[in-house]
Amino acid sequence: MTTALTAGSAIEELGPPGVRGICFSCDSITSMDVAEETALKAGADATWYSVGILADDQELALRCAEFCRRHGLHTLFHPLDLDICGTDPLDGRLLRALGERAAELDSPWLNIDLAMWVRRGETLLESLVPMPLVDEAVDWAVDRIKHAQDVIGRPLTIENAPYPFVVGDGDILTLMTRIAERADCLMTIDLGHLYGLRVQQGRPAVLPGDDAVAWDRVVEAHMSGTFVRRFEGGVRLVDDKHDWPVSDEVWELADTLLPRAPHLRSVMAEAEGMTAAELSDSVRRFARRASHWWGER
Ligand SMILES: [Fe+2]
């Protein structure tokens with residue numbers, strides 16, 4: 001059954017007690033050699049490793065778990081086929097498999113972007129369809145998250161997806177807060193996605209309504225490079241780029257928002273496509289900034 005998360009102390013007790021620090025990701029399916037080299041180079045600056053795999057890939061889950069044990073890293077599971085906002089019915093067999101992978105990885109929660117991940121049985125991977133920014137999406141997501149948490153047996157942390165295109169004019173953090181409070185789940189703020197979406201919507205990166213976000217549910221944050229192009233007529237194209245360095249605007253957004261999250265446990269350098277040298281530099285840069293996000297509370 002789902003853990004009741006409404007009390008701050010219940011959130012604090014999730015996962016390895018007291019552990020907080022920098023996480024890194026790379027392509028777990030193709031680039032475990034990059035992960036190995038990064039773990040060695042980053043040393044104690046890295047605390048978590050994010051495993052992005054499919055529900056049925058037990059072999060890779062076990063390999064990633066062994067990798068984390070060997071390097072003293074804690075694991076966070078980011079499934080690639082948990083269709084939390086899609087239109088296909090949720091697949092009970094797949095949900096049970098996700099629960100088994102999470103147990104093998106000993107991941108305290110499962111991170112999932114609010115998006116359609118599967119369409120008519122086909123995993124979309126690099127072509128996610130983000131949740132429409134409309135009130136009706138809240139009911140849809142809440143029911144699916146509750147069901148997924150009940151079958152998986154671990155909490156979900158819902159992430160604001162990338163928005164290369166936008167449907168609806170709601171605010172993502174307001175919608176996420178309503179979903180998280182009703183589904184009793186955790187939250188992940190992807191600062192690159194947030195910055196990109198708000199640019200796309202023609203809004204400031206920080207809004208007054210951000211004060212009302214359920215910051216006590218935020219356990220993860222993600223940061224990566226951001227790609228912004230402006231065309232004639234005011235049309236913008238915005239997306240995140242995991243193989244680019246984090247932009248100054250996204251660093252500033254992190255510095256403004258992350259100190260509001262009292263239970264933040266992991267800030268992830270997302271880095272699919274980077275070399276181990278680039279990724280370990282990025283992890284070290286994150287670690288130097290971590291005291292600002294956590295230290296002085
Ligand atoms: Fe992310």
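First listed ligand is number 1; within each ligand, the first listed atom is number 1.
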Would you say His193 reaches the Fe ion (ligand 1) with an N/O/S atom under 2.8 Å? no
Taking everything shown except Asp169 itself, do over 12 heavy atoms lie less than 6.0 Å from its CG? no
Note: OE2(Glu159)-the Fe ion (ligand 1)-OD2(Asp190) angle, rounded to 10 degrees, equals 90°
Which atom, among the N/O/S set of His222, is closest to the Fe ion (ligand 1)? ND1
Could you tell me whether Arg182 atom CZ has more than 12 heavy atoms of other residues or ligands within 6.0 Å of it? yes
Short check: any N/O/S atom of Glu270 below 2.8 Å from the Fe ion (ligand 1)? yes
Set out, in order, the CA-CA distance, both residues' side-chain angles and the distance that settles salt bridge (charged side-chain N to carboxylate O under 4.0 Å, His left out) for Asp83 and Arg144, then state yes or no. CA-CA 9 Å; Asp83 185 34; Arg144 292 171 76 94; 3.4 Å; yes
Does a donor on one side chain and an acceptor on the other come within less than 3.5 Å for Asn111 and Thr188? yes
